[in-house]
2 protein chains.
Amino acid sequence: MKLSTKGRYAVTAMLDLAIHDHEGPVTLADISQCQGISLSYLEQLFAKLRKEGLVEGVRGPGGGYRLGRPASQISIAEIINSVDENIDVTRCLGNKDCQGGEKCLTHQLWEDLSSRLYAFLDDLTLASFINRPEIREVSRRQDTIASRIATMFPPRPARVGANISASC
Amino acid sequence: MKLSTKGRYAVTAMLDLAIHDHEGPVTLADISQCQGISLSYLEQLFAKLRKEGLVEGVRGPGGGYRLGRPASQISIAEIINSVDENIDVTRCLGNKDCQGGEKCLTHQLWEDLSSRLYAFLDDLTLASFINRPEIREVSRRQDTIASRIATMFPPRPARVGANISASC
DNA sequence: TAATTCCCGACTGAATTACTCAGTATATTA
DNA sequence: TAATATACTGAGTAATTCAGTCGGGAATTA
């Protein structure tokens with residue numbers, strides 16, 4: 001379990017996808033502009049997320065990325081783990097002699113802490129964040145704008161709407 | 001809130017101090033050998049821990065480091081924060097325009113997650129780890145050995161004992 | 001066909017990690 | 001008092017990671 005800016009980028013990007021899930025795919029260009037992250041860097045992060053099945057890409061105009069699973073089945077721990085490659089495990093773990101045959105005590109304790117932390121973050125899903133009332137309110141406001149414009153441009157409403165509601 | 005190998009080093013070292021608290025100061029040389037971390041690197045980490053008042057150093061032979069406060073009053077979050085300098089906060093936070101005047105939604109959500117995580121780690125104290133029965137058992141065994149030798153070398157028992165019970 | 005998007009790999013400067021070395025300061029012990 | 005063990009400090013450094021650029025290719029839509 002490691003946690004850095006990289007993990008934060010991945011989580012916020014995934015939240016973005018979750019929020020705009022019903023509007024069709026979200027482009028990396030949108031996220032890039034929105035959150036101030038370089039496009040190519042996002043591509044690298046999303047390559048890892050895709051490998052884990054957390055997102056799926058849709059090519060071509062009107063394409064982008066959408067969640068690979070329902071937001072309720074994607075945990076924060078999964079997201080972080082897929083981009084922040086695991087911290088190197090302590091030397092003594094696995095082979096059980098740290099110092100003098102006896103299995104290292106503090107390393108056991110760290111393992112304990114680490115798994116508690118993982119459990120905590122694995123319990124938090126994307127859905128548990130975006131389903132809170134304040135969030136739904138903001139999301140709803142953006143939807144009304146989007147759908148109003150959508151009725152004016154019937155063919156690909158999602159794309160047009162997405163451009164408008166790109167204010168993160 | 002950032003979490004890396006550096007933080008792990010600090011936490012395990014602090015656990016070491018907490019476990020051997022009643023035996024007098026623990027030297028960095030012990031921890032270094034025990035946990036396979038370079039001595040000078042430990043010194044740098046402990047400089048930060050000392051600055052935060054989490055540990056206090058004792059110079060001279062028989063010296064070392066001991067906890068700056070009772071183990072029940074030192075949280076994991078404090079330890080990590082003192083060595084893993086904080087993740088750079090998102091651009092839009094503070095000044096409240098991320099993109100178009102409206103405060104960035106995903107960044108609010110991240111702040112939320114971040115504070116939940118901090119609260120979780122701030123609730124975990126050193127004491128909550130070392131007070132578990134398995135740990136006390138190991139610690140007790142080492143104590144009996146230490147005190148048996150201590151009676152044979154009256155003047156500075158703690159130091160001699162520490163050398164023996166250095167198997168982490 | 002042209003445009004838009006995902007996808008892929010090589011490369012790069014800057015920062016961080018983990019470490020080495022070389023010393024100074026303070027306390028203990030012989 | 002001299003020797004020793006420890007904490008402290010700071011400068012330097014190879015390796016790694018971060019975050020990004022660049023140049024393309026592949027699939028989809030219009």
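Hydrogens, waters and symmetry mates are skipped; everything else that's a heavy atom, side chains included, is used. Order of the sequence lines fixes the chain letters, A, B, ..., with proteins taken first and strands second; residue numbering starts at 1 for each chain.
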Base versus backbone protein contacts along nucleotides 12-17 of chain D [heavy-atom cut-off under 4.0 Å; B, S, -]: -----S
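- Considering only side-chain atoms of B:Pro61, the nucleotide from D:dT6, D:dT4, D:dT9 that sits closest is D:dT4.
- The residue among B:Val83 and B:Gly60 whose nearest nucleotide of DNA chain C lies closer to the 5′ end is B:Val83.
- Using a cutoff of 4.0 Å between basic side-chain nitrogens and carboxylate oxygens, B:Glu56 and B:Arg50 are not scored as salt-bridged.
- Between A:Thr5 and the phosphate of D:dA19, there is a side-chain N or O to OP1/OP2 separation shorter than 4.0 Å.
- OP1 and OP2 of C:dC6 both lie 4.0 Å or more from every side-chain N or O belonging to A:Arg50.
- To the nearest angstrom, P of D:dT9 lies 13 Å from CG of B:Leu49.
- The separation between B:Tyr9 atom OH and C:dC19 atom C1' is 10 Å, rounded to whole Å.
- Rounding to whole angstrom units, OH of residue A:Tyr41 and P of C:dG13 are separated by 18 Å.
- Rounded to an integer number of Å, the gap from CG of B:Leu45 to P of D:dG10 is 16 Å.
- In this structure, A:Val58 and B:Ser38 both approach DNA chain C, and ranking their closest nucleotides by distance from the 5' end singles out A:Val58.
- Using a 4.0 Å heavy-atom distance criterion, A:Leu28 is classed as a sugar-phosphate-only contact.
- For C:dC21, the base has a donor-acceptor partner in the side chain of B:Ser40 [N/O atoms by modelled type, under 3.5 angstrom].
- Side-chain atoms of A:Asp16 do not come within 3.5 Å of backbone N or O of A:Ile31 as any donor-acceptor pair.
- Note on A:Tyr65: only backbone sugar-phosphate atoms sit closer than 4.0 angstrom, heavy atoms only; bases stay farther off.
- Computed from coordinates, the B:Gln35 CD to C:dA18 P distance equals 14 Å when rounded to whole Å.
- B:Val55 and B:Val58 fall into different hydrophobic clusters, where Ile, Leu, Val, Met, Phe, Trp and Tyr are joined by side-chain heavy atoms under 4.5 Å apart, directly or via other members.
- In this structure, A:Lys51 atom NZ and C:dC7 atom C1' are separated by 11 Å, rounded to whole Å.
- The interatomic distance linking A:Leu42 (CG) with D:dA19 (P) rounds to 12 Å, in whole Å.
- Here B:Glu78 pairs with B:Arg69 in a salt bridge; the nearest charged N to carboxylate O distance falls below 4.0 Å.
- Counting only residues at least two apart or in different chains, ring-ring contact (aromatic ring centres under 6.0 Å, His included) contacts with residues 44-80 of chain B comprise B:Phe46-B:Tyr65.
- Mapping A:Arg59 and A:Leu39 onto DNA chain D by nearest heavy atom places A:Leu39 at the nucleotide closer to the 5' end.
- Here the side chain of A:Asn131 pairs a donor or acceptor atom with the backbone of A:Ala127 at under 3.5 angstrom.
- Nearest nucleotide to the side chain of A:Ser4, out of D:dG20, D:dC18, D:dA27: D:dC18.
- Checked by atom type and distance alone, the side chain of A:Ser32 never pairs as donor or acceptor with a backbone atom of A:Leu28 at under 3.5 Å.
- The distance between atom CD of A:Glu56 and atom P of D:dA27, rounded to the nearest whole Å, is 17 Å.
- Distance from the side chain of B:Glu43 is smallest to D:dC8 among C:dA18, D:dC8, D:dA5.
- Under a 3.5 Å cut-off, the side chain of B:Asp30 and the backbone N or O of B:Val26 do not form any donor-acceptor pair.
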